[in-house]
Number of protein chains: 2
Amino acid sequence: MAIQSKTAFLEHFPLFETLNPDEKLRLTQMVEVKIKPRYSYIYLPGETSDKIFFLSKGTVKIGTHSKDGKEIIKSVLHPTAMFGEMGIVGEEERQDFARAMGQEVHYCVLKVEDFKRLMRSNHQLSIKILMLIGNRLRRAENRLESLIFKDARTRIIDFLKDAADQRGRRVGFEMLVKHSLTQQDIANLTGTSRQTVTSVLNELRKSNLIYFNRKSILIRDMESLV
Amino acid sequence: MAIQSKTAFLEHFPLFETLNPDEKLRLTQMVEVKIKPRYSYIYLPGETSDKIFFLSKGTVKIGTHSKDGKEIIKSVLHPTAMFGEMGIVGEEERQDFARAMGQEVHYCVLKVEDFKRLMRSNHQLSIKILMLIGNRLRRAENRLESLIFKDARTRIIDFLKDAADQRGRRVGFEMLVKHSLTQQDIANLTGTSRQTVTSVLNELRKSNLIYFNRKSILIRDMESLV
DNA sequence: TCTTAAGTGTAAAGTATCTTACAAAAGGAT
DNA sequence: ATCCTTTTGTAAGATACTTTACACTTAAGA
């Protein structure tokens with residue numbers, strides 16, 4: 001990929017806004033652009049955490065597997081998100097996997113070492129990264145709370161609300177969330193079983209609080225969904 | 001407290017190692033030393049997250065309460081630990097409480113604003129904070145995994161191992177952990193009920209894997225405790 | 001278009017863990 | 001020493017959720 005288009009590429013990431021032209025040039029020189037087919041793994045547990053990634057197209061899920069094959073999805077990422085950032089904060093070896101969901105993914109890769117050097121030269125960038133990791137931490141702790149304090153049904157409803165808040169499109173009073181998650185995925189995101197997800201969703205549909213098909217969920221009224 | 005003793009005070013915190021004499025002086029000028037009685041709250045949910053704290057004596061627990069009064073303990077801190085650091089990463093208002101456990105606590109306070117200024121002038125410090133938050137994140141995610149993947153018994157045993165690893169003293173082949181936790185506290189740390197903790201601990205004692213009283217736990221053999 | 005795999009719907013059985021309940025022990029305070 | 005509160009021990013009952021099981025539907029590939 002030509003330097004020029006790489007530059008354009010980087011313009012899309014808010015994280016790099018504060019970089020001066022020189023730093024941007026340096027960044028383009030150390031970045032590598034990649035494309036991978038759907039369902040492919042971008043990294044796997046056990047690999048060295050020496051790279052970070054920036055997603056420009058497609059959807060990526062980050063998660064872990066237990067020994068007996070259960071899965072936790074830690075997050076589902078959309079373009080412009082950074083991932084694999086644990087390498088920046090001292091992780092040696094990946095604990096999680098990153099996997100392309102049902103579409104081809106485009107992303108760029110850079111070495112943690114190079115990125116750290118950039119951080120050293122641009123304090124603003126360091127601060128942004130710190131805030132970003134802080135947000136991750138806040139989200140992880142909230143999830144912990146909801147696992148301990150809330151029952152499965154409530155967690156699934158919370159998931160619906162979060163999804164709508166973060167990625168929903170208003171349609172009148174309703175909220176439409178397009179996604180590429182199976183009900184098993186939703187189960188893995190909420191720490192419940194697939195069957196529980198199915199029955200909660202269907203129950204909500206019967207009560208006319210939501211409508212859904214495989215590709216999207218429509219929340220009829222965010223207020224009444226409790 | 002005199003500047004001199006404040007300086008001595010700060011020498012104990014590894015976080016401040018990389019500061020040059022001038023920065024150390026600035027730090028002593030912005031730090032405030034405090035003492036609070038046991039069981040008192042250092043901060044409460046809802047307060048503004050504009051201060052950070054460094055514990056020099058006593059034990060502090062960080063946690064949250066659910067609406068119906070259940071408690072999660074997020075961490076139990078010992079001297080030299082920093083806490084309240086969510087203010088550095090963009091938290092506006094405390095979500096957690098910080099509370100002195102069964103002893104008087106000594107700690108120093110400083111304003112997030114001041115600390116951020118210090119971080120700007122010393123990149124090493126920024127990096128250390130970033131690593132620290134990163135560790136917190138890693139721990140939170142591990143806890144998430146153990147909540148979803150493991151049963152109550154295993155989580156309690158994991159707690160015992162962790163406690164021994166982090167704070168245990170070798171006594172021959174055995175590991176002694178002195179603490180100030182009630183079984184209710186252990187329950188709140190592991191996301192289980194108090195009764196479950198009691199019965200698991202007693203069961204382990206019957207199997208001669210551990211011995212315990214109110215103030216300490218002795219792990220007879222770390223290997224065989226699975 | 002047909003075939004197959006993946007995803008969804010529904011129900012019944014099983015179970016880990018929480019609740020409720022109460023007694024005993026330990027520790028602090030007077 | 002005595003009283004009172006907190007903590008610990010133990011058991012039975014209740015229950016939310018998982019597991020198992022199978023049919024049905026949808027999507028994708030040949």
Side-chain angles (χ1 to χ4, degrees), chain A residues 37-39 61 66 68-73 99-104 146-160 178-207 210-217, chain B residues 37-39 61 66 68-73 99 101-104 146-160 178-207 210-218:
Chain A
R38 58 186 185 159
Y39 304 130
K61 74 174 173 186
S66 67
D68 54 326
K70 266 181 274 180
E71 177 179 286
I72 295 178
I73 297 180
R99 187 181 192 192
M101 297 193 75
Q103 315 133 56
E104 185 180 78
S146 86
L147 270 171
I148 293 179
F149 292 151
K150 300 177 182 175
D151 62 11
R153 186 177 191 276
T154 312
R155 293 204 302 276
I156 292 165
I157 291 178
D158 283 356
F159 159 78
L160 294 174
K178 292 188 181 178
H179 63 82
S180 47
L181 302 165
T182 64
Q183 295 186 356
Q184 182 66 64
D185 286 330
I186 298 176
N188 297 345
L189 271 163
T190 52
T192 60
S193 72
R194 198 271 308 165
Q195 292 83 333
T196 303
V197 171
T198 305
S199 67
V200 169
L201 289 183
N202 282 302
E203 190 203 304
L204 293 172
R205 172 152 63 184
K206 260 177 208 141
S207 321
I210 65 171
Y211 167 80
F212 65 93
N213 58 34
R214 292 197 175 189
K215 295 247 158 291
S216 64
I217 298 173
Chain B
R38 61 185 184 161
Y39 304 130
K61 74 174 170 186
S66 68
D68 55 324
K70 267 181 272 180
E71 178 178 285
I72 295 178
I73 299 180
R99 189 182 191 189
M101 297 194 74
Q103 315 133 55
E104 186 180 81
S146 88
L147 270 170
I148 293 180
F149 292 151
K150 300 176 180 175
D151 62 12
R153 186 175 190 277
T154 312
R155 294 204 301 276
I156 292 165
I157 291 178
D158 283 357
F159 159 79
L160 294 175
K178 292 188 180 178
H179 62 84
S180 47
L181 301 165
T182 63
Q183 296 186 355
Q184 181 67 64
D185 285 330
I186 297 176
N188 297 344
L189 272 163
T190 52
T192 60
S193 73
R194 197 270 307 164
Q195 290 85 332
T196 303
V197 172
T198 305
S199 66
V200 170
L201 289 183
N202 282 304
E203 189 203 304
L204 293 173
R205 171 152 64 185
K206 260 177 209 141
S207 321
I210 65 171
Y211 167 81
F212 66 94
N213 58 33
R214 293 199 173 188
K215 296 245 155 292
S216 63
I217 298 173
L218 183 75

- Query: With a 3.5 Å cut-off and just heavy-atom distances, do the side chain of A/Q184 and the base of C/dT8 make a donor-acceptor pair?
  - Reply: no

- Message: Is the terminal nitrogen or CZ of A/R205 (NZ for Lys, CZ for Arg) located under 6.0 angstrom from the six-membered ring centre of A/F212 and within 45° of that ring's axis?
- Response: yes

- Query: Under 4.0 Å between a side-chain N/O of A/R194 and OP1 or OP2 of C/dG9, yes or no?
  - Reply: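 No, outside the criterion.
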
- Query: Are OP1 or OP2 of C/dG9 and a side-chain N or O of A/Q183 less than 4.0 angstrom apart?
  - Reply: yes

- Task: For the helix from C/dT1-D/dA30 to C/dT30-D/dA1, figure out the bend between the end axes, five pairs an end, and round to 10 degrees.
- Result: 50°

Would you mind reading off the distance between [X] atom [atom1] and [N] atom [atom2], rounded to a whole angstrom?
| X | N | atom1 | atom2 | result |
| --- | --- | --- | --- | --- |
| A/N213 | C/dT8 | CG | C1' | 12 Å |
| A/L147 | C/dT17 | CG | P | 14 Å |
| A/N202 | C/dA11 | CG | P | 11 Å |
| B/I186 | C/dT17 | CD1 | P | 17 Å |
| B/I156 | C/dT17 | CD1 | C1' | 10 Å |

Treating [X] as the side-chain partner and [Y] as the backbone partner, does any N or O pair qualify as donor plus acceptor under 3.5 Å?
| X | Y | value |
| --- | --- | --- |
| B/R38 | B/M101 | no |
| B/D185 | B/T182 | yes |
| A/R155 | A/G191 | yes |

Identify which nucleotide among [options] has an atom closest to any side-chain atom of [X], counting heavy atoms from C-beta outward.
| X | options | answer |
| --- | --- | --- |
| B/R214 | C/dA25, C/dT17, C/dT19 | C/dA25 |
| B/S193 | C/dA21, C/dT8, C/dC18 | C/dC18 |
| B/T196 | C/dT20, C/dG9, C/dT17 | C/dT17 |

- Task: Determine, for B/E71 against B/K61, whether the closest basic-nitrogen to carboxylate-oxygen distance falls under 4.0 angstrom.
- Result: yes

- Task: Start with the C-alpha distance between A/L189 and A/L181, add both sets of side-chain angles, then the distance that settles side chain to side chain contact (heavy atoms under 4.5 Å, CB included), and finish with yes or no.
- Result: CA-CA 10 Å; A/L189 271 163; A/L181 302 165; 4.2 Å; yes

- Query: Under the side-chain hydrogen bond (donor to acceptor under 3.5 Å, both in side chains) criterion, do A/D151 and A/T154 qualify, and how do the steps go?
  - Reply: CA-CA 5 Å; A/D151 62 11; A/T154 312; 2.5 Å; yes

- Rounded to the nearest 0.5 Å, how far apart are OG of A/S207 and CG of A/N202?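 Those atoms lie 10.5 Å apart.
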
- Task: Heavy atoms of chain A, cut-off under 4.0 Å: which first and last nucleotide of DNA chain D, 5' to 3', fall inside that, if you could look?
- Result: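 Under 4.0 Å from chain A, the extent on DNA chain D is D/dC17 to D/dG29.
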
- Message: Determine whether B/R153 and B/E203 satisfy the following criterion, side chain to side chain contact (heavy atoms under 4.5 Å, CB included), listing intermediate values before the conclusion.
- Response: CA-CA 10 Å; B/R153 186 175 190 277; B/E203 189 203 304; 2.9 Å; yes

- Message: Here's a test of your reading of the structure: between B/Q195 and A/L201, which maps to the more 5' nucleotide of DNA chain C?
- Response: A/L201

